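Only one structure is covered here, and it is reproduced in the block below.
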Protein chains: 2
Amino acid sequence: MPDLSSRQVSQLPPLQAIRVFDAVARHLSFTRAAGELAMTQAAVSYQIKVLEERIGAPLFLRRPRQIVLTEAGQRLAPAVGEAFAILGQAYAAVRGGADGLLCVTTVLTFASNWLAHRLGSFQIAHPALAVRLETSSRLTDFAREEADIAIRSGAGKWPGLEAHKLFDADFTPMLSPKLAASIGGVKEPADLLRLPILDPGDIWWNEWFSAAGVHSHDLARRPGSSMGAQAYEANAAIAGHGVAILTRALFKAELADGRLIQPFDLVGDDGHAYWLVYPEARRNVPKIRAFRDWLLAEIAC
Amino acid sequence: MPDLSSRQVSQLPPLQAIRVFDAVARHLSFTRAAGELAMTQAAVSYQIKVLEERIGAPLFLRRPRQIVLTEAGQRLAPAVGEAFAILGQAYAAVRGGADGLLCVTTVLTFASNWLAHRLGSFQIAHPALAVRLETSSRLTDFAREEADIAIRSGAGKWPGLEAHKLFDADFTPMLSPKLAASIGGVKEPADLLRLPILDPGDIWWNEWFSAAGVHSHDLARRPGSSMGAQAYEANAAIAGHGVAILTRALFKAELADGRLIQPFDLVGDDGHAYWLVYPEARRNVPKIRAFRDWLLAEIAC
DNA sequence: TATGACCCATAAGGAGGCCTTATGCCGGAC
DNA sequence: GTCCGGCATAAGGCCTCCTTATGGGTCATA
């Protein structure tokens, strides 16, 4: 049983009764107030009676053709009206404001290598929507962080969350053409070992070399991959500092314009992928739907 | 079925949920808010969830040790707080204000001949209570007129009203000593007929003369008595313009100081009385109780 | 004067909002 | 590792609040 300690219990009367009173005071009619409130005249009569009994004084005088406010009612009505105006305004602002700001949290690489180029087209399509982009390497907990949508990688199953697959988190070595030329070209996987390996501890290297049939026990091992922070290694690779193992979908542009080359068709895949996720319960929130639809369409291109 | 026409339906979320939100926003704790609201933590959790679903966005972030407001929550909280402050203030003012003003409606004679002398002692006993005195000859309809208490005459039974008997509405002739002396004194009822009869149409005259065994068919008859407007006739009688038929209890002072004399012990009584009445439902309203107790005590003197 | 329209009050009945109890889950602290 | 503090969730029941139906009272019209 809770105690009644902290703060004086305001002991406000039933709020529903006050809302009804507000409508009646504006209309000076039970019947018309009932119309506005979408309830019956009897219900309005009941609520007013409740309020009057709670206050201990009548709020309206029942005259033949109409009702009029008593002195008590006249004192109460303006304040109630103001309070509900504030409430309604704030509520509308929150709905509007919440609709106008979209918080997307994503891993860095996806933001810089994929989203950044295309976000403009989303904002043109939805000029009323402001997008706040946050990057974080940790998984997003929607209950704990303020985010509407997250881009995360994983197996695609999270309880309570709806997930749309964007693309596979595959991996394959990439390097700058200049670096490849420096050793006369990269012809077969083993050639890579003659070059600096960027982030050799990444488990992806091990998996890829195994798949390629290359013995690579001299590479350090780390429990995870650097997925999500590929942008750093990619920059190093473009600068010619070494070979990086990267996800193709994130470097389409670099591969297309020749800043990076993918020497082998062999692509590793540990079953993980990039996903767009959001709480199931919010699946129909307009701004979330807008972003989801836009992003999936872009991915499909 | 009511229609939803007039005014945009504000479509506010459940008000109870907003009240709970207000408390939670102030405490930044479901548990403590539950304490303030005298409900369980589970109920608070439920209401916040309802509100969040209605708004379409979370209002709090659930962090391990505490909760914090989301951006939406931050926007909503101050307005809600303000609205409830206004509401609470107005409500308190109405209760206080209603408690501070007592509207008494009464027949003129009672006000001028009985209440006026003694009201001072009531106001001294209840300095916080302002009394507004209204006189009206009609019966008071508490649903239609703004009154807390009424003094009315009648048989003492009105549905929905509580009535306390003040004194009988008896009647007996009164006149000024000087007028009586002008005919050598009033020895027996028939002597009165040699003097001007004030308001001879009053049914009381007829009844009294009948009871006195005096034939008085020359008096005009009117359906009712002038009870409630006796003050006018009393003034005329004091001025020596004639004989009035009056209620003893209302002219104790005049009889005591000799401005009026009551020549005969014979007193008419049609069963009516003066009553103090108020709506049953308000029997325990402090100001009503105060006035009732005071008046009954004064009457008992 | 009778009749209909309008408006509020009241009674009876039922649906559902809302609260409670009980329990689970999670993170942090000792 | 275990306990503790705090929120979430499920099940169940009360009681508020709404609806339908009806009555009373006043005003307007015939």
Side-chain angles (χ1 to χ4, degrees), chain A residues 1-3 12-21 23-25 27-54 58-70 73 138-139 141-145 159-160 279-281, chain B residues 1-3 12-21 23-25 27-54 58-70 73 138-139 141-145 159-160 279-281:
Chain A
M1 199 72 242
D3 75 311
L12 276 174
L15 291 174
Q16 182 61 9
I18 293 200
R19 163 191 267 168
V20 171
F21 169 76
V24 175
H27 289 292
L28 286 179
S29 156
F30 285 24
T31 305
R32 285 195 295 278
E36 171 181 324
L37 297 168
M39 33 190 238
T40 59
Q41 170 268 323
V44 172
S45 177
Y46 167 81
Q47 292 290 3
I48 295 299
K49 169 180 256 194
V50 165
L51 187 55
E52 287 179 327
E53 281 174 358
R54 187 65 157 269
L59 293 168
F60 297 97
L61 301 177
R62 278 70 167 176
R63 296 277 171 71
R65 280 316 262 184
Q66 62 172 7
I67 57 177
V68 299
L69 286 162
T70 62
R138 281 179 297 99
L139 291 185
D141 180 345
F142 287 97
R144 193 167 308 187
E145 296 165 45
E280 273 172 5
Chain B
M1 201 68 238
D3 75 312
L12 277 174
L15 291 173
Q16 182 61 10
I18 294 200
R19 161 190 267 167
V20 171
F21 169 75
V24 175
H27 289 292
L28 287 180
S29 156
F30 286 22
T31 305
R32 284 194 297 277
E36 170 181 326
L37 297 168
M39 26 189 246
T40 59
Q41 169 269 322
V44 171
S45 176
Y46 167 80
Q47 292 290 4
I48 294 298
K49 169 180 256 194
V50 164
L51 187 56
E52 287 179 328
E53 281 175 358
R54 188 64 157 270
L59 293 168
F60 297 97
L61 302 176
R62 278 71 167 176
R63 297 276 171 73
R65 281 314 263 183
Q66 61 172 10
I67 57 177
V68 298
L69 285 162
T70 62
R138 282 178 298 98
L139 291 184
D141 180 344
F142 287 97
R144 192 166 308 184
E145 296 164 46
E280 274 172 4

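Here the structure is a predicted model, which is why all the values come from computation and not from measurement. Sequence lines set the chain letters: A, B, ... in the order given, protein chains first and strands last, and positions in each chain run from 1.
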Discussion item. Output one letter per nucleotide in nucleotides 3-12 of chain C: B when a protein non-hydrogen atom lies under 4.0 Å from the base, S when only the sugar-phosphate is that close, - when neither is.
Written reply: ----SBBB--

What nitrogen or oxygen pairs link the protein and nucleotides 24-26 of chain C at under 3.5 Å?
none

Worksheet item: Side-chain N or O of Q16(B) less than 4.0 angstrom from OP1 or OP2 on dG17(C)?
Response: no

When the distance from [atom1] of [X] to [atom2] of [N] is rounded to whole Å, what number comes out?
X: E53(A); N: dT16(D); atom1: CD; atom2: P; answer: 12 Å
X: L61(B); N: dA8(D); atom1: CG; atom2: P; answer: 12 Å
X: R19(B); N: dT16(D); atom1: CZ; atom2: C1'; answer: 14 Å
X: L37(B); N: dC18(C); atom1: CG; atom2: C1'; answer: 13 Å
X: L15(A); N: dG17(C); atom1: CG; atom2: P; answer: 17 Å

Worksheet item: Does the side-chain contact (heavy atoms from CB on, under 4.5 Å) test come out yes or no for V68(A) and F60(A), once each step is laid out?
Response: CA-CA 5 Å; V68(A) 299; F60(A) 297 97; over 6 Å; no

If I take atom [atom1] from residue [X] and atom [atom2] from residue [Y], how far apart are they, to the nearest 0.5 angstrom?
X: L51(A); Y: R19(A); atom1: CG; atom2: CZ; result: 14.0 Å
X: L61(A); Y: I67(A); atom1: CG; atom2: CD1; result: 9.5 Å
X: E36(A); Y: T31(A); atom1: CD; atom2: OG1; result: 13.5 Å
X: E53(B); Y: I48(B); atom1: CD; atom2: CD1; result: 12.0 Å

Fill in: Check: Q41(A) side chain, F30(A) main-chain N or O, donor-acceptor pair, under 3.5 Å
no

Item to complete: Go through the steps for V20(A) and V50(A) under the test side-chain contact (heavy atoms from CB on, under 4.5 Å), then give the verdict.
Response: CA-CA 11 Å; V20(A) 171; V50(A) 165; over 6 Å; no

Item to complete: Return the minimal non-hydrogen interatomic distance between P58(B) and T70(B), and the atom names on each side.
Response: O-OG1, 2.9 Å

